[in-house]
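Each chain gets a letter, A, B and so on, in the order its sequence line appears, and its residues count up from 1.
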Amino acid sequence: MTDEKKPDRGLLRIDDEECKGCGLCIEACPPRVISMSERLNHFGYRTAFYKGSGCTACGVCFMVCPEPGAITVLRLATPALATSAPETVACASN
Amino acid sequence: MPDSSLAEYEVVRGKARSFYPRYERKEELQHQTHFCPGCGHGTIHKMVAAAIDELGVQDRSIMVGPVGCSVFTYYYFDVGNVQAAHGRAPAVATAIRRSRPHGIVISYQGDGDLSAIGSAEILHAANRGENITVIFVNNAIYSMTGGQAAPTTLLGQKSTTTPNGRSAAREGYPLHVSELLATLDAPVYIERVGLGDNRQIVQAARAIRRGIEYQVRGLGFSLIEVLSPCPTIWKMSPVDAQHWVRDVMEKTFPLGVFVDRAHDRLPAPPPSAAPTLADLPHLLGVADQDLPEGHAHALSGDLPVDLQVRIAGFGGQGVLLLGEVLAEAGLDAGLEVSWLPSYGPEMRSGTSNCHVRIARGAIDSPLVATPGVLVAMNEPSLRKFDLSVRPGGWVIYNGDEFPADCRRQGVRVLALPFTRLADAMGDKRAANMIMLGAVLEIAAILPRQSIGAALRRLVKNPRWVELDERAIARGRELLRQALAEG
């Protein structure tokens, strides 16, 4: 099927309870796929969120983020990688 | 046909295993750090944790936390944690590394901590080439205390203590710690990195990993200085603060490797384990038959023992020796003891006092805040500690007359001119031993053999031992008399 959308190479999970909305990931992201929410979280911070597509799994957002677990970067599994990575999850690409 | 909207993804970057899943801090906030939004500490913490994970040394890593914003390393890192006094982390790390040869010791310090109050410790740890890794977080300011100038504050930078900007004439120039330490021969690796942009951050992570890796390989001292943003105190947005590191700070503190001697260093052989207790007499050249046996068997009963004595007087009255004999006798009787002297720099005159505790169980603190027995060898000492004696306790006072205003309900007093009594026995310097006799009679737990043994161990001259034994007997007798008289 040629019109089938190719899944993104990467995927982000941002924990909006741990995020403090500093915005460093938004600034750092090369493909610019992270944005700041209008909504405040439980603690009163605006938080970063993944726009839903375009992540390349480069991991830079994770590196600049000051919170240990606010950002998790996932990469599309390839057969070669799948053998070395212990944690594999299935989830929607958008 | 496979569903293209569902694909297999795997985690490539996530929370390091070397962090606790939840942090033991304020109830509501256990899922996040205490750092301000955009703080460089969180980013650096993650680099350290990732390096520990990658090198597989979590179960032997020990973090030495500083004083400052990053004081809470123990909340976050699931490794061994010790929190050092301000600036002392390299000294503490030295001790830990030497006593635990297989430990991986990481000293994590800020610029106020390391480059001001701790400048001596870092200099000498580096000069000794201690096999530790120092993470030096430089944000050019004292942040936790509210923004005072640090040695690293930039020229012209405003702070609460340099409100018009740092001036070289008044406050000197920013201290270049990495360059300074790079002049030493011992360090194996010194690099300055920054958190100013993506490229710098990737390099910072690499440097931190290398510093810890060199320690794992036993190569010696590493220091990684990280220029780190403090958006709150700099009064900038996190993104502006990040750029300020790159555009402004870096001009004063150029990035780069100052020392990397890994290629010409051989790994140090791991130090041998510390000797066991049983090996010590042999190492010290003490023969088995010379070891004191003690008189634990002579200790009567198994009643709880908790003797707390404060002894005070002027220097030269034998205050400390009195306490030492008491503690040594407790030790001889197989009890737990502590002896804590407190005195000025004078060898004679001046004031002097000591705390003695003797107990059957472990002693939590060597301080005696509320003594059961106070030995006051002069009036100023009496007035200083009189009110601290607990109800039901004793005051043994060296003086003709006990000051009326020091009398208290529930505290018994034995006031005699002990110095004169000692003089009559042959030497006024034995007054302390007469008073010790009274203490022993009150405490009545220590076997007499232990007193004799302690005395002979601490007093070398046999003539004095003989006089002291008589003096102790006299003190016991005086107390018994006082009790009989009511």
Side-chain angles (χ1 to χ4, degrees), chain A residues 1 3-13 15 17-30 42-43 45-47 55 57-79 81-94, chain B residues 1-23 28-50 76-77 195-205 228-229 231-232 237-243:
Chain A
M1 302 278 265
D3 59 337
E4 194 176 298
K5 189 171 160 283
K6 211 176 141 199
D8 281 329
R9 216 166 355 132
L11 176 66
L12 287 185
R13 284 198 303 232
D15 179 347
E17 291 298 287
E18 188 167 340
C19 174
K20 292 171 178 167
C22 70
L24 290 178
C25 56
I26 299 172
E27 175 75 10
C29 177
H42 174 58
F43 297 101
Y45 289 119
R46 289 176 67 190
T47 57
C55 176
C58 70
V60 165
C61 57
F62 174 84
M63 297 280 289
V64 302
C65 175
E67 282 297 313
I71 295 181
T72 308
V73 183
L74 300 97
R75 184 186 289 153
L76 187 64
T78 63
L81 283 168
T83 52
S84 63
E87 194 186 342
T88 304
V89 291
C91 50
S93 65
N94 52 0
Chain B
M1 196 179 101
D3 180 359
S4 66
S5 69
L6 197 70
E8 294 279 314
Y9 282 89
E10 63 206 8
V11 173
V12 285
R13 294 274 190 181
K15 188 168 177 174
R17 289 189 303 281
S18 298
F19 284 122
Y20 286 110
R22 281 185 84 75
Y23 316 123
E28 266 270 284
L29 302 168
Q30 296 190 339
H31 62 287
Q32 57 177 212
T33 65
H34 72 288
F35 296 119
C36 307
C39 175
H41 275 304
T43 312
I44 300 165
H45 275 31
K46 284 169 75 175
M47 294 173 179
V48 173
Y76 308 122
F77 288 95
L195 301 182
D197 58 29
N198 291 354
R199 219 162 41 105
Q200 289 189 0
I201 287 170
V202 171
Q203 179 56 25
S228 171
T232 304
S237 76
V239 172
D240 289 345
Q242 188 187 50
H243 292 163

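- Within the 3.5 Å criterion, the main-chain N or O of E17(A) finds a donor-acceptor partner in the side chain of Q32(B).
- Per-residue heavy-atom pair counts under 4.5 Å with chain B were compared for H42(A), M63(A), E67(A), and the maximum is reached by E67(A).
- No part of H45(B) comes within reach of chain A, as not one of its non-hydrogen atoms sits under 4.5 angstrom from that chain.
- Listed here is the closest heavy atom pair of F62(A) and G14(B): CZ-O, 3.2 Å.
- Side-chain contact between L74(A) and V12(B) is absent, with no heavy-atom pair separated by less than 4.5 Å.
- Between the CZ atom of R13(B) and the OG1 atom of T72(A) there is a distance of 12.0 Å, given to the nearest 0.5 Å.
- At most 12 non-hydrogen atoms from other residues, nucleotides or ligands lie less than 6.0 angstrom from CZ of R9(A).
- V60(A) touches chain B through its side chain: at least one heavy atom from C-beta onward sits under 4.5 Å away, while N, CA, C and O do not.
- Exactly one of I44(B), T43(B), L195(B) qualifies for a side-chain contact (heavy atoms from CB on, under 4.5 Å) with P66(A). That residue is T43(B).
- For the atom pair CD of E28(B) and CZ of F43(A), the computed distance is 5.0 Å after rounding to the nearest 0.5 Å.
- In this structure, chain A has a heavy atom under 4.5 Å from the backbone of H34(B), while its side chain stays farther away.
- Taking A57(A), G59(A), A28(A), P30(A) one by one and counting their heavy-atom pairs under 4.5 Å with chain B, the maximum is reached by A28(A).
- Put simply, NZ on K46(B) and CD1 on I71(A) are 6.0 Å apart, with the number rounded to the nearest 0.5 Å.
- No other option in D197(B), V239(B), T33(B), V202(B) has as many heavy-atom pairs under 4.5 Å with chain A as T33(B).
- For E27(A), the part sitting under 4.5 Å from any heavy atom of chain B is the side chain, from C-beta outward, and nothing else.
- For Y23(B), the part lying under 4.5 angstrom from a heavy atom of chain A is the side chain only.
- Shortest non-hydrogen contact noted between C22(A) and P37(B) is CB-C, 3.7 Å.
- Relative to the ring axis of F35(B), K20(A) does not place its NZ or CZ within 45° and under 6.0 Å from the centre.
- In this structure, the side chains of P68(A) and Y76(B) stay at 4.5 Å or more apart for every pair of heavy atoms.
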